[in-house]
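Below, chain A is the first sequence line, B the second, and so on; all start at residue 1.
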Protein chains: 2
Amino acid sequence: MADRLPYGSGRTSPQRRAIASMAEELGRAFTIDDLERALRRKGKRAGVATVYRAVAAMEESGWLERVGVRGSKALYARCDSPAHHHHLVCTSCGIVLATDCPLEFATHSAKAEHGFTVTEHDVTLYGVCRDCRPGPELGEDGD
Amino acid sequence: MADRLPYGSGRTSPQRRAIASMAEELGRAFTIDDLERALRRKGKRAGVATVYRAVAAMEESGWLERVGVRGSKALYARCDSPAHHHHLVCTSCGIVLATDCPLEFATHSAKAEHGFTVTEHDVTLYGVCRDCRPGPELGEDGD
DNA sequence: GCGTATGTGAGAATGGTTATCACATGAGGG
DNA sequence: CCCTCATGTGATAACCATTCTCACATACGC
Ligand SMILES: [Mn+2]
Ligand SMILES: [Mn+2]
Ligand SMILES: [Zn+2]
Ligand SMILES: [Zn+2]
């Protein structure tokens, strides 16, 4: 049931509505900067602090997820899947795919081999999605 | 035994020697700030730019590895294992253990299920090492 | 409608990291 | 040994993503 609200129990405002619908519309991983630029292109106006706060609120509510970094900027993507999972981020087009957590075995063996109790983990896989993969006869690199 | 040099083919200097031996001595994950503080405590002086450059050079040579972040600061640890691997970072004492890469299966299934070609990945496991785990008589919680 | 908790935004601040640039020096060649 | 100069040093400024400040606006429960 994916009718989770972008801002949970927080208030809505014209700015927040524009920000959330743009995040939805982008359909791929984006930085705060990408988001601001896209909003400006649509004539929507929102202060930088407002965008940061809206993104933080959407992340808080689970409607948005942080999916790594691009350069020195945080990367986010629309995703409200409730179960624990990780992300495949295409470095060419920015599409984000969900993938199951591959760490059950690693977690268990950390315990068995080192007595180490894993409580958190960072996992992000970067690569090239099907649509961005150069075709065999084109022999080109994208980007 | 790995007699890789901290600075590869770069020059050495009193500052670089102090920085490398402190990184060795710490024996756990550290931030640039930790490193500077430890040096100062030993009466060694090195400008902030020098420490950053030395750490970058040691990382470049493979003598040091970046093992995630603590708050907003990059975390490093002494590690010159040449094979691909990841890290168990104890959030209590900062000890760093190496662990095999758990992603062969994830990489293959990303390809099989999504046509996604994984080219890079971030994996860091955080938790509590054996020595930092509270003893059973102290009121354990089993995770 | 009212009151107030909450959102907005221009600008300043923060803080980790990097760039500048004048000066010092390690180390290889002579 | 000594020169030389590529490379390292460090005080300082700059960078830049992100957060804070604070006066003002407004969503929304009552
Ligand atoms: Mn997700
Ligand atoms: Mn390592
Ligand atoms: Zn996981
Ligand atoms: Zn790996």
Side-chain angles (χ1 to χ4, degrees), chain A residues 5-23 26 29-40 42-61 63-77 89 94 122 124, chain B residues 5-23 29-40 42-61 63-77 94 122 124:
Chain A
L5 295 169
Y7 300 103
S9 59
R11 290 185 185 171
T12 95
S13 70
Q15 293 90 335
R16 288 192 157 193
R17 269 187 289 273
I19 292 166
S21 84
M22 182 55 74
L26 284 174
F30 58 86
T31 63
I32 298 282
D33 206 59
D34 294 335
L35 191 49
E36 283 192 289
R37 227 193 304 283
L39 286 167
R40 221 170 301 122
K42 279 242 168 150
K44 309 288 184 181
R45 160 179 295 259
V48 54
T50 296
V51 178
Y52 273 97
R53 281 183 296 229
V55 166
M58 292 187 287
E59 191 184 5
E60 174 72 24
S61 81
W63 195 81
L64 210 61
E65 271 183 277
R66 196 173 191 283
V67 295
V69 293
R70 184 198 297 150
S72 57
K73 301 174 185 174
L75 259 193
Y76 297 90
V89 180
D122 288 343
T124 307
Chain B
L5 295 168
Y7 300 103
S9 58
R11 289 187 186 168
T12 110
S13 70
Q15 293 90 335
R16 288 192 156 193
R17 270 187 289 273
I19 292 167
S21 84
M22 182 55 74
F30 57 87
T31 63
I32 298 283
D33 206 60
D34 294 336
L35 191 49
E36 283 192 288
R37 226 193 306 282
L39 286 168
R40 222 169 299 122
K42 279 241 167 149
K44 311 286 185 182
R45 23 186 34 255
V48 52
T50 296
V51 178
Y52 273 97
R53 280 183 298 230
V55 166
M58 293 187 287
E59 191 185 5
E60 174 73 24
S61 82
W63 195 81
L64 209 60
E65 270 183 277
R66 196 174 191 283
V67 295
V69 294
R70 183 198 298 150
S72 58
K73 302 174 184 172
L75 259 192
Y76 297 90
D122 288 343
T124 308

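Annotation: side chain of A:Arg70 is not in contact with side chain of A:Val89 (no heavy-atom distance under 4.5 Å). Contact annotation: the side chain of B:Tyr76 never approaches that of B:Glu65 to less than 4.5 Å [non-hydrogen atoms, C-beta and beyond].
Here the side chain of B:Arg11 is nearest to one of C:dT17, D:dA6, D:dG10, namely D:dA6. With distances taken from any side-chain atom of B:Arg53 to the nucleotides C:dT8, C:dA27, D:dT9, the minimum falls on D:dT9. Here C:dA19 is the nucleotide among C:dA19, D:dC28, D:dT9 with the atom lying nearest to any side-chain atom of B:Ala49. Minimum atom distance to the side chain of A:Pro14 is reached by D:dA27, of the listed D:dA27, C:dA27, D:dT9. Among D:dA17, C:dG7, D:dT12, the nucleotide with an atom closest to any side-chain atom of B:Val48 is D:dT12. For A:Ala74, the listed nucleotide lying nearest its side chain is D:dT18; candidates were C:dA27, D:dT18, D:dG10.
If you measure from atom CG of B:Leu35 to atom C1' of C:dT17, you get 15 Å, rounded to the nearest angstrom. Per the geometry, CG belonging to A:Asp33 stands 15 Å off C1' belonging to D:dC15, to the nearest Å. Nucleotide D:dT9 holds its C1' atom 14 Å from the CZ atom of B:Arg17, rounded to whole Å. When the P atom of C:dT8 is taken as reference, atom NZ of A:Lys44 falls 14 Å away, rounded to whole Å. In this structure, A:Tyr7 places its OH atom 18 Å from P of D:dT26, rounding to the nearest Å. Straight-line distance from the CZ atom of B:Arg70 to the P atom of C:dT17: 12 Å, rounded to whole Å. B:Arg37 places its CZ atom 14 Å from the C1' atom of C:dG16, with the value rounded to the nearest Å. Residue B:Ile32 contributes atom CD1, which lies 15 Å from atom C1' of D:dG10 at whole-angstrom precision.
Considering only side-chain N and O atoms, B:Gln15 lies under 4.0 angstrom from the phosphate OP1 or OP2 of D:dG10. Note on B:Ser13: every side-chain N or O is 4.0 Å or more away from OP1 and OP2 of D:dT7. Contact between the side-chain N/O atoms of A:Tyr52 and the OP1/OP2 oxygens of D:dT18 is found at a separation under 4.0 Å. Distances shorter than 4.0 Å separate none of the side-chain N or O atoms of A:Arg16 from OP1 or OP2 on C:dT6.
Residue B:Glu60 qualifies as open at atom CD: its count of foreign heavy atoms under 6.0 Å is 12 or below. With a 6.0 Å radius and a threshold of 12 heavy atoms from other residues, nucleotides or ligands, B:Arg45 has its CZ atom at or below the threshold.
The CZ atom of B:Arg37 lies 12.5 Å from the CD1 atom of B:Ile32; values are rounded to the nearest 0.5 Å.
Across all strands, A:Ala46 comes closer than 4.0 Å only to sugar-phosphate atoms, never to a base (heavy-atom distances). Using a 4.0 Å heavy-atom criterion, one finds that B:Thr12 contacts the sugar-phosphate atoms exclusively.
The backbone N or O of B:Arg11 sits less than 3.5 Å from a side-chain atom of B:Arg16, completing a donor-acceptor pair.
Comparing B:Lys73 and A:Arg45 against DNA chain C, the residue whose closest nucleotide sits nearer the 5' end is A:Arg45.
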